[in-house]
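Worksheet: the structure to be examined is printed underneath.
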Amino acid sequence: MPELTDVVDGLLHPETQVDERGVDLTVAAIHEVASPGRVDFGGDELAEADLEPCELTRRNPDDEYQWWHLDAGQYVVQYNEFFVGEDPMHLQARNKVLARGASHPSLRVDDHLPLVPLSVGGEGIMIKENARVSTLRPLVPGPADA
């Protein structure tokens, strides 16, 4: 099995993002769906949704990094990092995100990191630029993968 640092490019701070359990991924952008995409049976009418970037604001005028103030709703997350591994991995939301009322689906990553839908509940959430929001872990093979 390759080292975890070998399966992800673009790590901002490997010493913080990588441990024996996985690689934490950081948020580069958060988008709202501005107009719907389309999914059909054969793919002839497949169309991307239009995404609008969510606005960033500074908590203090001299802050280096800004924050997204997200109300309850659905968003799309884009990561700073890129998956470059050959073996499938498992992507999941970090517990710190889940405990604050936001979540995204857990999914198998085969060849690239997709844009990931983020659900925000309750009173919303504040997410700082480059916050660690997800973890990429080695996939534990199941019966279908054997």
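In what follows, residues are counted from 1 in the order of the sequence shown. In what follows, every heavy atom counts, from backbone to side chain, and hydrogens, waters and symmetry copies are set aside.
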Is the backbone N or O of [Y] less than 3.5 Å from a side-chain atom of [X], with the two atoms forming a donor-acceptor pair by type?
| X | Y | answer |
| --- | --- | --- |
| Gln17 | Leu12 | yes |
| Gln92 | Thr135 | no |
| Arg132 | Leu25 | no |
| Asp40 | Gly43 | yes |

Please identify each residue that fulfils side-chain hydrogen bond (donor to acceptor under 3.5 Å, both in side chains) with [X], with sequence neighbours left out.
| X | value |
| --- | --- |
| Tyr79 | Ser134 |
| Ser119 | Gln74 |
| Asp110 | Arg108 |
| His69 | Thr57 |

| Can you list every pair that meets salt bridge (Lys or Arg N to Asp or Glu O under 4.0 Å) and has a residue in residues 116-131, with sequence neighbours left out? |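 The answer is none; no pair qualifies.
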
| request: Indicate the atoms forming the closest heavy-atom contact of Leu98 with Ser103, along with that distance. | output: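 Taking Leu98 first and Ser103 second, the nearest heavy atoms are CD2-CB, 3.6 Å.
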
| request: Would you please name every residue forming a salt bridge (charged side-chain N to carboxylate O under 4.0 Å, His left out) with Arg21, sequence neighbours left out? | output: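 With sequence neighbours excluded, Arg21 shows a salt bridge (charged side-chain N to carboxylate O under 4.0 Å, His left out) to Asp19, given in chain and number order.
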
| message | Please identify which of these residues, Trp68, Trp67, Tyr65, meets the side chain to side chain contact (heavy atoms under 4.5 Å, CB included) condition with Leu56. | response | Trp68

| field | side chain to side chain contact (heavy atoms under 4.5 Å, CB included) partner of Glu81, chosen from Val8, Val23, Leu136, Asp9 | value | Val8

